[in-house]
Amino acid sequence: MKNLNDLLFSVPNASCLICDTPTNPYGKVEFAKNCEERRGTFLPYTGSMVEYNLCPNCGHVFSPAFSHWTHQDFSDHIYNHEYVIADPE
């Protein structure tokens, strides 16, 4: 399994995945942040930040680092046996 910090590198001038316009840094979020936090479910802190970019043309927000992940990287770090904790539906 690849190290999470090695997978979450910065790509500040990435092109938009929708319209191919150069994007700008938008913000950072802890990797463990999830939609169930509003219901009191918090995952263990990882110390890894996911950087997001914003397209000034179409408004698309995305994490350029995820564009370089393999199916195995997603399986190892997101869609694994613990995924149901963050998305129980």
Please give me the minimum heavy-atom distance between [X] and [Y], naming the atom from each residue.
X: A65; Y: F9; value: CB-O, 3.5 Å
X: C35; Y: A86; value: SG-O, 3.4 Å
X: N53; Y: V11; value: ND2-O, 3.0 Å
X: N5; Y: N3; value: N-OD1, 2.7 Å
X: T23; Y: C16; value: CG2-N, 3.6 Å
X: P88; Y: I85; value: CD-O, 4.3 Å

task = List, by chain and number, the other hydrophobic cluster members for F74, where Ile, Leu, Val, Met, Phe, Trp and Tyr join if side-chain heavy atoms come within less than 4.5 Å, directly or indirectly.
result = L4, L7, L8, Y26, V29, F31, V50, Y52, L54, V61, F66, W69, I78, Y79, Y83
task = Report the C-alpha distance between M1 and H77 in whole Å, list the side-chain angles of each, state the deciding distance to 0.1 Å, and finish with yes or no for side-chain contact (heavy atoms from CB on, under 4.5 Å).
result = CA-CA 9 Å; M1 179 185 317; H77 295 286; 3.6 Å; yes
message = Return the OG to CE distance between S63 and M49, rounded to the nearest 0.5 Å.
response = 11.0 Å
Nearest-0.5 Å distance, CD of residue E36 to CZ of residue F42 =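 It is 10.5 Å, given to the nearest 0.5 Å.
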ask   = Would you call L17 and S67 a side-chain contact if the rule is heavy atoms closer than 4.5 Å?
value = yes
request  = Compare all side-chain heavy atoms of E37 with those of T41 and state whether any distance is below 4.5 angstrom.
outcome  =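 A side-chain contact is absent here, since even the closest heavy-atom pair is not under 4.5 Å.
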query = Any Lys/Arg nitrogen of D73 or K2 sitting under 4.0 Å from an Asp/Glu carboxylate oxygen of the other?
reply =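 K2 and D73: salt-bridged.
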request  = State whether a side-chain donor-acceptor pair under 3.5 Å links T46 with E30.
outcome  =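 Looking only at side-chain atoms, E30 and T46 do form a donor-acceptor pair, the distance falling under 3.5 Å.
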message = For a side-chain contact (heavy atoms from CB on, under 4.5 Å) check, start with the C-alpha distance between T21 and S15, then their side-chain angles and the critical distance, and finish with the verdict.
response = CA-CA 5 Å; T21 299; S15 293; over 6 Å; no
